[in-house]
Amino acid sequence: MKLSFCAIKKTAFAVVLSTASLGSSANSETLDIGVLLPSPIADVGWSHALVEGFNGVKEKYGDDVKLNIVENIQEGPDADRIMNKMVGDGNKFLLLGSFGYMNSGLKLAKRNPDMSFIHASGYKVGDNFSPFTAKYYEGLYLMGMAAADLTKTKKLGVVGAYAIPELISSINGFALGARAVDPEITIDVIWLNSWFDPAKAQASAKALIANGADVLFSNAQDTPSVVAVGEEAGVYVFNLNSSMSEYAPTKYLGVVKTDWGPFFSASVDAHLNGNFEGRNEWLGVDAGVVVTEEWSSDISSEMVERIKTVEAEISSGARHVYDGPIHNQDGEQMVAVGERLDDGGILGINWHVQGVNTPLPK
Amino acid sequence: MTPLEFFLAGTMSAATVFLLAALGELVAEKSGMLNLGVEGMMAISAAVGFVVTYQSGSHIIGFIVAGAAGIGVSMVFALVSITFLANQVATGLAVGILGLGLSALIGKKHESLTVTAPDPIQIPVLSDIPLIGPVLFQQNIVVYLAIVIAILISFCLNKTRLGLAIRACGENPKAAEALSYSVLKIRYGAVAFGGLMAGFAGAYASTIYTPLWADGMIAGRGWIAVALVVFGTWKTGRIFLGAYLFGMVSLGELVVQSFGVALPSQLLSAMPFIVTIVVLAIISSDRARLRLHAPYALGETYDGSEPK
């Protein structure tokens, strides 16, 4: 199938460009990259960070790669239809930007062995299908330390989208970092049960502030909804993926940024060299994917030093966020002293650490 | 602000979005026009209102233009369903979907930008009373205007000649025509008013309640407004209560979560809808009451030239 298709294509080429050499045509063909995104590309947020991730690829290959982006596509039948169309349109490399694109994406990958797929936030792997996730919790641990330095009420608030392992492990990382500095700190969480409802996110942020939180964590919110409330109400606030400091000029605590550049470039290179292999890509501080920056100038210089030290330890592997002892909300020991929660345990985490007030929705 | 103050004050501002849109839909339905495009009208107006407010810096201009945009979209619905006699349900749905798509296009360049919400009013002495002050006397002006509009609409529909004419068109357009009312004009007017109110609701959502633009931010609130009209059995007072109840339940969910109460948050998120369904079921169980209040000719196209 693949062979005959190539043959037809090459025949077509030969007819049109009768003088062109067949050998070089394979290399000079443009690589079409299909990008499917769950939210609109704005100046900030998740989709923005994913598109930015291709900057390195574009610089390196110039006109030889072409990005075909379809944004704001809800998970479900619509996404399936567009994915199939992308394949039909001749895209050979697909980025699927949302967890819920997983099953249909994997089916497509099996049907199109000559293509390569990278899929955000999933866990299923295929021969040509790599799920990728950021170890947000590593950056969140550092954010927790900074929050602990600034909180006066000793209450931190989190606005989260859905209670899935990726978000739970982030909140746990945040709690572990904050409580490593000050064990009296507690964390309130509000789950929106929606990836996208800015009005509800803002109301949630206000509810957390009313309940005493003075540092807010905007967890997986693509709009500056929570960040804007933080500035307005005068509480520190931070978010993930890309900087929103312009929405909170005086109260921005910092950002846990994801720089997908290194990973995307490596994946496209591998595809073009014909050695793309599907595997679980779980990338953190050491891979340069999770980057914490734009720290608030209000954080004490001692704490900045401490954060830098811990960041270096996480990067070198000397320290791990999920090093024991770790207790769950009920005080039961989940990770013993000297032990470390394994990758499977973190990727599938369904419990909150001690200090998180809100029970996890079951 | 204490959690209780936040809860009560937040209820009022959350309810205003529903109230504005539902009042407009009430007037349209009273005239016999079932406009299901409220979600789309709100989305377009939210986008237009945001863009204009962002560019001009004036919330008032933003509101005016958003209201005009709401009327504009509603006129598409009116033209197709009143003049061309198309099915109201199908037309309303189509216009709603069109509105959602257009709103994304209009707001494209302003995606995820923010504006500053105008300061809430401050009344000397009253605003400083504990609990009551922050809840009742520190709201945005639109919150109070919505309540005033509700009272005016109730008065107009029940006590004035215009209200009688609107209701006549919704109950029995042929009889209204016989009384020399122009059903066409009145229905056009009622639909336009619905568009205007949906426009205000959209502008309130994108420039005051959640002062930012993001595609999809109306997030089903227009549909809730449509449901509220049935929920309130086409009576202004009940629609008002419904909007406030809905605002309260949707906000209560967040407050309950922040207190760490051990209830599944998925259930809490579904609460506003569950409450709506339950109340609707209770109201609908009394068939006589429904029949008494539902406009008899609701959703029926009316062609004056043909005897019915």
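Because the structure is predicted, anything quoted here is derived from the model rather than measured. All chains are named by letter (A, B, ...) in the order of the sequence lines, taking the proteins before the strands, and each is independently numbered beginning at 1.
With a 4.5 Å cut-off on non-hydrogen atoms, B/Thr2 touches chain A through its backbone but not through its side chain. Of the atoms belonging to A/Val44, it is side-chain heavy atoms, and not backbone ones, that fall under 4.5 Å from chain B. In this structure, no portion of B/Lys109 lies under 4.5 Å from any heavy atom of chain A. Only the side chain of A/Glu71 comes within contact range of chain B, judged by heavy atoms closer than 4.5 Å. The part of A/Ile41 that comes within reach of chain B is its backbone (N, CA, C, O), which places non-hydrogen atoms under 4.5 angstrom from that chain. Neither the backbone nor the side chain of B/Glu5 comes within contact range of chain A; no heavy atoms are under 4.5 Å apart. B/Phe7 does not touch chain A: none of its heavy atoms, backbone or side chain, sits under 4.5 Å away. Contacts of A/Asn211 with chain B are made by both backbone and side-chain atoms, with heavy-atom separations under 4.5 Å.
Ranking A/Val158, A/Asp188, A/Asn72, A/Ile190 against chain B, the residue ahead of the rest is A/Ile190, based on heavy-atom pairs under 4.5 Å. Comparing B/Leu4, B/Val17, B/Leu212 by heavy-atom pairs within less than 4.5 Å of chain A, the highest count is held by B/Leu212. Counting heavy-atom pairs closer than 4.5 Å to chain A, the top residue among B/Ala104, B/Ala270, B/Ser250, B/Gly216 is B/Gly216. Of the listed residues (B/Ala117, B/Ala219, B/Ala214, B/Gly220), the greatest number of heavy-atom pairs within a distance under 4.5 Å of chain A belongs to B/Ala214.
Ring-plane geometry between A/Trp46 and A/Trp260 is classed as perpendicular, the angle between the planes exceeding 60 degrees on a 0 to 90 degree scale with a lower cut at 30. Taking the six-membered ring where tryptophan is involved, the planes of A/Tyr123 and A/Phe99 are tilted, since the angle between them lies from 30° to 60°.
Rounded to the nearest 0.5 Å, atoms CE (A/Met86) and CG (A/Asn84) are 11.0 Å apart. Residue B/Phe50 holds its CZ atom at 11.0 Å from OG1 of B/Thr210, rounded to the nearest 0.5 Å. Interatomic distance, CD1 of B/Ile147 versus CG of B/Leu23, reported as 10.5 Å (0.5 Å rounding).
Ion pairing of B/Glu253 with A/Lys200 is present here, as a side-chain N (NZ or NE/NH1/NH2) and a carboxylate O approach within less than 4.0 Å. Ion pair B/Arg221/A/Asp197 flagged as a salt bridge, since at least one NZ, NE, NH1 or NH2 atom sits closer than 4.0 Å to an Asp/Glu carboxylate oxygen.
If you look at A/Phe174 and A/Phe238, their ring centroids are closer than 6.0 Å.
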